[in-house]
Novice: 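To start, I am sharing the structure in question, which I have written as structure tokens.
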Amino acid sequence: MMKKLILLCLCGWIGLVVQAQKTFRLASPDGQLSTTITLGDKLTYDIECDGQQILAASPLSMTLEDGTVWGDHPRLAGSSRKEVNWLIDSPFYRSNQLRDHYKELVLRFKKGWSVEFRAYNDGIAYRFVNQLNKSFNILEEEVHYQFTDDKTAIVPYVVPRSGDQFYSAFENTYTTCKLSQLNKQKLMFLPLVVEAGNGVKLCISESDLDNFPGLYLSGAKAGNCLTGVHAPYPAGKRQGGHNNLQMIVEKRENYIAKVEGPRTFPWRMSIVTTCDKDLAASNLTYLLASPSRVKDLSWIKPGKVAWEWWSDWNLDGVDFETGVNNDTYKAYIDFAAAHKLEYVLLDEGWAVNLKADLMQVVKEINLKELVDYAAAKNVGIILWAGYYAFDRDMENLCRHYSEMGVKGFKVDFMDRDDQEMVAFNYRAAATCAKYNLLLDLHGMYKPSGMNRTYPNVLNFEGVHGLENMKWSPDSVDQVKYDVMVPFLRQVAGPLDYTQGSMRNAVAGSYFPCNAEPMSQGTRCRQLALYVVFDSPLNMLCDTPSNYERETECTDFIAGIPTVWDETRVLDAKLGEYIIIARRKGDNWYIGGLTDRMARDFEIDCSFLGDKEYTGDLYKDGVNAHRIGKDFKRESVRLNKQTKLKLHLAPGGGFAVRLR
């Protein structure tokens, strides 16, 4: 009897151990990528790629204000699996449809929470889900990336304003170093990349960031890991910042988020690829985002924008003084109409300064006259708006300017991603959609899939764009940055980079200039950026006067689509070069960039299929390494057998338009 009792106790103890160490494995549809989820003292997961461990067991949890920790000693209530393989529509993006193919594991735990895991062929993602029908606060979410050894990371550090790391423009360039050498005092914003060895790269980001603070990462004080940090919820604010158009957080709560009831939380995603071009081609951010909340998309019109701020409202050869006035804007509208550009943007200056009131228009502007003048020429007007001025009177502003005929807003200087600010962006998107208004979220963190949920939000900043060339010293290498963006920032979604400079400076010739700014690299590089970067609302940053002098380049820029039916990354290496082909209807565009090194390429044109194409090639001129504006345009005839040979100057590029 005693032996039997001991045996029963032993079996029970073994059962408890098994329960405590229960594991689940989830593999990608092609079987090359997998994660093992372990339920022990902590809830952990890892990542393997082709049998190589990319991420060691890493804990995940959420701590509630009452001390409950989702993830500590998890008690499983049930699990389910499924596989999804379908095409989803992706309007106003890099392809008109995307394949959404993944395997999913849902683990449901006692006390009203669960975790969903998905395995794609190019990534592993998870998110927490709350089923509790009550309100509570979240003190922190544990996000942890434990690597197997001291890997190399490529990261953008926060550049804080007023010493507050949760107050920034999300625009820094990238730093490359070992995990152990990361600055432990600085936060990093997403996306960032870790080189996991054997050509494998892991890009860390998030998707479906809705009513929750954005994720930062910090280098751990010990070990080869990155740990998550979130901005606490604002407790006290004051009006201030740029021209009194911001709300500066002076005090924060001890929690990061308020929860009102059942909801999902953002996806934590690790994009894993074995070649760089697959990283640049990843659509995981878009696929994981919530579907569109805008039912009728027929009024949403992407396009190109004549923009005055970068070139300081400059025009030459005119008989009026240029600036923020109707004569200047009518000239911009005339230029847009002549080149069939869809929009003109009135950037900062049209509303009375320091009032944070977008109903007060400066006396030099007759806004209704401009809107009507533009409409008669089939050009739309978009208005710049400071964040606080827009937020304090959002409904009235959207109704008033929509009725006037304005087509959208460019909202700027949010410069935060705490829960309150994230909620503002979604509220702004919904309100603009209600009044058939486009939205360009400038002064903004990464998109995180918001362009799928609200397709009227066409562009997002959060990028070290060309505007920085108005003031950045020559030590800032924008050329290098350009060939890193497609593998990092652009993985998160479209970007408001604002390319199109006609003043082009090679190494040693660039200097910052506010009134007559220039770009780094060659002229053809600027053309290529219209192909390489995703920007459904694409700016022409330079002055119409410069464009009229450069008719061949203007012809290319004015005619290029901004959304695509198909996108293919043909060749790429992070930080060195990238070549992308995009199709709209039966027409193809090909664009490529290099870093500061001259390169020769042979492009395989087999993607063209059975059709014969003719078109134009814009390539760096023989002296483009000395004179950035030097380029050559020539006619080409291409088919699937063609091997297109090209030479790119240092900081150079090329662009091809095929019909």
Novice: Determine whether the side chains of Asn243 and Glu348 contain a donor N or O and an acceptor N or O closer than 3.5 Å.
Specialist: yes
Novice: Is the cationic atom of Lys611 (NZ for Lys, CZ for Arg) positioned less than 6.0 Å from the six-membered ring centroid of Trp588 and within 45 degrees of its normal?
Specialist: no
Novice: Would you give the length of the straight line joining atom OG1 of Thr273 to atom CG of Leu279, rounded to the nearest 0.5 angstrom?
Specialist: 4.5 Å
Novice: Which class fits the ring pair Phe413 and His242: parallel under 30°, tilted 30 to 60°, perpendicular over 60°?
Specialist: parallel
Novice: Should the pair Arg657-Asp616 be classified as a salt bridge under the 4.0 Å nitrogen-to-oxygen rule?
Specialist: yes
Novice: In terms of side-chain heavy atoms, does Asn224 have a donor or acceptor partner in Asp149 at a distance below 3.5 Å?
Specialist: no
Novice: Going by heavy atoms in the side chains, are Val344 and Ile382 under 4.5 Å from each other?
Specialist: no
Novice: My understanding is that only one of Lys480, Arg599, Arg596 makes a salt bridge (charged side-chain N to carboxylate O under 4.0 Å, His left out) with Glu576; could you say which?
Specialist: Arg599
Novice: What do the steps show when you test Phe189 against Tyr216 for ring pair (Phe, Tyr, Trp, His ring centres under 6.0 Å), and what is the final call?
Specialist: CA-CA 5 Å; Phe189 58 93; Tyr216 300 84; 7.7 Å; no
Novice: Within the distance-only criterion (no hydrogens, no angle test), does the side chain of Asp312 pair as donor or acceptor with the backbone N or O of Glu308 below 3.5 angstrom?
Specialist: no
Novice: Yes or no on side-chain contact (heavy atoms from CB on, under 4.5 Å) for Asp477 and Thr173, after CA distance, side-chain angles and deciding distance?
Specialist: CA-CA 9 Å; Asp477 191 349; Thr173 55; over 6 Å; no
Novice: Is the closest side-chain heavy-atom distance between His464 and Ser472 below 4.5 Å?
Specialist: yes
Novice: Give, for atom OH of Tyr286 and atom CE of Met450, the distance between the pair rounded to the nearest 0.5 Å.
Specialist: 13.5 Å
Novice: Just how far is it from atom CD of Glu550 to atom CE of Met502, taken to the nearest 0.5 Å?
Specialist: 6.5 Å
Novice: Would Asp586 and Arg659 count as a salt bridge (charged side-chain N to carboxylate O under 4.0 Å, His left out) if you check the C-alpha gap in whole Å, the side-chain angles of each, and the deciding distance to 0.1 Å?
Specialist: CA-CA 7 Å; Asp586 290 330; Arg659 297 184 175 89; over 6 Å; no
Novice: Between Ser311 and Asn314, is any side-chain donor less than 3.5 angstrom from a side-chain acceptor?
Specialist: no
Novice: Is there a side-chain contact between Ile590 and Val531 (heavy atoms, below 4.5 Å)?
Specialist: no
Novice: Hey, what do you get for CZ (Phe631) to CG (Asn623), rounding to the nearest 0.5 Å?
Specialist: 14.0 Å
Novice: Under the salt bridge (charged side-chain N to carboxylate O under 4.0 Å, His left out) rule, what do Asp600 and Lys645 come out as? Steps first, then yes or no, please.
Specialist: CA-CA 7 Å; Asp600 294 294; Lys645 295 183 179 180; over 6 Å; no
Novice: Regarding Trp471 and Asn514, do their side chains bring together a donor and an acceptor under 3.5 Å, going by distance alone?
Specialist: no
Novice: Do Glu171 and Val159 come within less than 4.5 Å of each other through their side chains, counting heavy atoms only?
Specialist: no
Novice: Taking NZ, NE, NH1 and NH2 as the nitrogens, is one of them in Asp630 or Arg523 under 4.0 Å from a carboxylate oxygen of the other?
Specialist: no
Novice: Out of curiosity, Ser205 OG to Leu284 CG, how far, rounded to the nearest 0.5 Å?
Specialist: 9.5 Å
Novice: As a quick check of understanding, evaluate side-chain contact (heavy atoms from CB on, under 4.5 Å) for Leu202 and Ile204, giving each step before the final call.
Specialist: CA-CA 6 Å; Leu202 186 149; Ile204 299 171; 3.1 Å; yes
Novice: Are Asp482 and Tyr497 side-chain neighbours, meaning at least one heavy-atom pair lies under 4.5 Å?
Specialist: yes
Novice: Between Glu634 and Lys619, is the closest basic N to carboxylate O distance under 4.0 Å?
Specialist: yes
Novice: Between Arg633 and Asp555, does any side-chain N to carboxylate O distance fall below 4.0 Å?
Specialist: yes
Novice: Please assess Tyr481 against Tyr174 for the test ring pair (Phe, Tyr, Trp, His ring centres under 6.0 Å), listing each intermediate value before the final yes or no.
Specialist: CA-CA 7 Å; Tyr481 181 78; Tyr174 295 104; 5.4 Å; yes
Novice: Please walk me through it: do Lys629 and Asp620 pass salt bridge (charged side-chain N to carboxylate O under 4.0 Å, His left out)?
Specialist: CA-CA 9 Å; Lys629 68 181 181 180; Asp620 292 331; over 6 Å; no
Novice: When the ring planes of His339 and Phe335 are compared, do they come out parallel, tilted or perpendicular, using 30° and 60° as the limits?
Specialist: tilted
Novice: Can you label the angle between the Phe147 ring and the Tyr145 ring as parallel, tilted or perpendicular, going by 30° and 60°?
Specialist: parallel
Novice: Taking atom types as modelled, find out whether Asn198 and Gln52 have a side-chain donor-acceptor pair closer than 3.5 angstrom.
Specialist: yes
Novice: Looking only at non-hydrogen atoms, find the nearest pair between Tyr618 and Leu527 and report the distance.
Specialist: CD2-CD1, 3.6 Å
Novice: What pair of heavy atoms forms the shortest contact from Ser282 to Arg94, and how long is it?
Specialist: O-NH1, 3.5 Å
Novice: Inspect the contact between Lys277 and Asp571 and indicate whether a charged nitrogen and a carboxylate oxygen are less than 4.0 angstrom apart.
Specialist: no
Novice: Taking all non-hydrogen atoms of both residues, which atom of Gly653 and which atom of Thr522 are closest, and how far apart?
Specialist: N-OG1, 3.6 Å
Novice: Measure across Phe170 and Asp415 and return the closest heavy-atom pair with its distance rounded to 0.1 Å.
Specialist: CE1-C, 4.0 Å
Novice: Inspect the contact between Asp534 and Arg582 and indicate whether a charged nitrogen and a carboxylate oxygen are less than 4.0 angstrom apart.
Specialist: yes
Novice: Any non-hydrogen side-chain atom of Val485 less than 4.5 Å from a side-chain atom of Phe533?
Specialist: yes
Novice: Closest approach of Leu617 and Val636, non-hydrogen atoms and distance?
Specialist: CB-CG1, 3.7 Å
Novice: Could you check whether Lys186 makes a cation-pi contact with Tyr157, meaning its NZ or CZ is under 6.0 Å from the centre of the six-membered ring and within 45° of the ring axis?
Specialist: yes
Novice: Determine, step by step, whether Val506 and Ile627 satisfy the side-chain contact (heavy atoms from CB on, under 4.5 Å) criterion, reporting the C-alpha distance in whole Å, the side-chain angles of both residues, the deciding distance to 0.1 Å, and the verdict.
Specialist: CA-CA 7 Å; Val506 298; Ile627 307 169; over 6 Å; no
Novice: Please determine, by modelled atom types, if Asn538 and Thr562 share a side-chain donor-acceptor pair under 3.5 angstrom.
Specialist: no
Novice: Hey, does Phe409 have a side-chain heavy atom less than 4.5 Å from the side chain of Asp440?
Specialist: no
Novice: Determine whether the side chains of Gln478 and Tyr510 contain a donor N or O and an acceptor N or O closer than 3.5 Å.
Specialist: no
Novice: Under a 4.0 Å threshold between the charged nitrogen and the carboxylate oxygen, would Lys446 count as salt-bridged to Glu206?
Specialist: yes
Novice: Give a yes or no on whether the ring-centroid distance for Tyr589 and Trp564 is below 6.0 angstrom.
Specialist: yes
Novice: Are Asp610 and Lys640 ion-paired here, with the side-chain N under 4.0 Å from a carboxylate O?
Specialist: yes
Novice: Would you give the length of the straight line joining atom CG of Leu33 to atom OG1 of Thr274, rounded to the nearest 0.5 angstrom?
Specialist: 10.0 Å
Novice: So do the side chains of Thr567 and Ile580 get within less than 4.5 Å of each other, counting heavy atoms only?
Specialist: yes
Novice: Does the side chain of Trp307 come under 3.5 Å of the side chain of Asp347 through a donor N or O and an acceptor N or O?
Specialist: yes
Novice: Between Lys377 and Asp334, does any NZ, NE, NH1 or NH2 come within less than 4.0 Å of an OD or OE carboxylate oxygen?
Specialist: yes
Novice: Looking at every non-hydrogen atom in both residues, tell me the closest pair between Pro191 and Leu488 and how far apart they are.
Specialist: CG-O, 3.2 Å
Novice: Show the numbers, then the answer: is there a side-chain contact (heavy atoms from CB on, under 4.5 Å) between Tyr343 and Lys304?
Specialist: CA-CA 6 Å; Tyr343 301 103; Lys304 291 173 291 295; over 6 Å; no
